[in-house]
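Below, read A as the first sequence line, B as the second, and so on, with proteins coming before strands; counting in each chain starts at 1. Values reported hereafter were calculated over all heavy atoms of this structure, with side chains retained and with hydrogens, waters and symmetry mates removed.
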Amino acid sequence: MTCSKFVLPRSFFTRDTLTVARELLAKQLARRVGESDLVGKIVEVEAYGGADDPASHAYRGMTPRNQVMFGKGGFAYVYFTYGKHYCLNVTTEKEGVPGAVLIRALQPVSGIEMMRRNRRRKRLRYLTNGPGKLTEAMGITKRQNGLDLTKGGELFIREPQVEEDFEEVSTGRVGIRVGVEKPWRFYIKSNSFISRK
DNA sequence: GAGAAGATCTCCT
DNA sequence: GGAGATCTTCTCA
């Protein structure tokens, strides 16, 4: 069962990458595994561009890995890094324009017991407070690369049932060596699931 | 075909 | 607070 009226439509994603990144805060990432639903509130994101952004995978043009970033917005871009970790991005912009938003941290909403099993950790705070951690908690791997997130299938993004006020903070991006000066990281102020201060 | 770097996490001191 | 783990992907020859 999917509450499709809450699923974010294509038009949400096919906009400017920075706009999409900011508006993704406080939305819910939902993952369906068999009978179970894993849901987390998005509390931290980073925007990645194209030829204007040396930190982006798309900076040097299209490759087999990053081709999803060049398609239209609203698809999952999952890549493997550091020999251990997957990172989940949401593509943005229209067809032919590269752009993506890295989901860096979630606040668990439901399916928490399954997240604990996936992570083999008990402490709630360490289940999803980092890009490699949240993919492990939600069972996301390269198999989810290229999935359409607007269909309400095994992976999608939806409006929260209850709107909450929050204060947005923007800083330089984390864990990269170039392009650190761009204030393209956004997170919800004073949320305890942020990956780094 | 080889070499190097990477949008990170965990464990150890 | 710091280093090691570990493998995919890209670049260059």
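Which of dT9(C), dA7(B), dC10(C) sits closest to the side chain of Pro64(A) comes down to dC10(C). In the set dT11(C), dT9(C), dA7(B), the nucleotide with an atom closest to the side chain of Lys142(A) is dT9(C). Of the listed nucleotides (dA7(B), dT10(B), dA5(B)), dT10(B) has the atom at the smallest distance from the side chain of Arg121(A). Ranking dA5(B), dA7(B), dC10(C) by closeness to the Arg177(A) side chain, first place goes to dA5(B). Nearest nucleotide to the Lys84(A) side chain, out of dA7(B), dA5(C), dC10(C): dA5(C). Nearest to the side chain of Arg119(A), among dA7(B), dT9(C), dC9(B), sits dC9(B). With distances taken from any side-chain atom of His85(A) to the nucleotides dC10(C), dC9(B), dA7(B), the minimum falls on dC9(B).
For the pair Arg104(A) and Phe186(A), the cation-pi criterion (under 6.0 Å, within 45° of the ring axis) is not fulfilled. The cationic atom of Arg10(A) (NZ for Lys, CZ for Arg) does not lie both less than 6.0 Å from the six-membered ring centre of Phe12(A) and within 45° of the ring axis.
Atoms OH (Tyr59(A)) and C1' (dT9(C)) sit 19 Å apart, rounded to a whole Å. To the nearest angstrom, P of dT8(B) lies 10 Å from CD of Glu44(A). Rounded to whole Å, atom C1' of dC9(B) lies 16 Å from atom CZ of Arg125(A). As rounded to whole Å, 8 Å separates atom C1' of dA7(B) from atom CG of Asn89(A). Atom CD in Glu46(A) sits roughly 7 Å away from atom P in dT8(B) (whole-Å rounding). When rounded to the nearest whole Å, the span between CD of Gln67(A) and P of dC10(C) equals 10 Å. If you take OH of Tyr126(A) and P of dT10(B), they are 10 Å apart, rounded to a whole angstrom. Atom CD1 of Ile176(A) and atom C1' of dT8(B) are 14 Å apart (whole Å).
For the pair Ala26(A) and Phe166(A), the tightest heavy-atom approach, listed with the atom from each and the gap, is CB-CE2, 3.6 Å.
dT8(B) has its base stacked against the ring of Tyr82(A), the centroids being under 5.5 angstrom apart at an interplanar angle below 30°. The aromatic ring of Tyr79(A) does not stack onto the base of dA7(B), failing the criterion of a centre distance under 5.5 Å from the six-membered base ring together with planes under 30° apart.
Pair assignment for dT9(C) gives dA4(B), based on Watson-Crick or G-U wobble hydrogen-bonding distances that are each under 3.5 Å.
Using a 4.0 Å heavy-atom distance criterion, Arg60(A) is classed as a sugar-phosphate-only contact.
In this structure, Arg65(A) and Gly83(A) both approach DNA chain C, and ranking their closest nucleotides by distance from the 5' end singles out Gly83(A). Heavy-atom distances to DNA chain B give each of Thr81(A) and Asn129(A) a nearest nucleotide, and the one nearer the 5′ end belongs to Thr81(A).
More than 12 non-hydrogen atoms from other residues, nucleotides or ligands lie less than 6.0 angstrom from CZ of Phe80(A).
OP1 or OP2 of dA7(B) sits under 4.0 Å from a side-chain N or O of His57(A).
For Tyr79(A) and Tyr77(A), the ring centers are positioned less than 6.0 Å apart.
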Residues Gln28(A), Glu159(A); criterion side-chain hydrogen bond (donor to acceptor under 3.5 Å, both in side chains); working and verdict: CA-CA 6 Å; Gln28(A) 292 185 342; Glu159(A) 294 279 354; over 6 Å; no
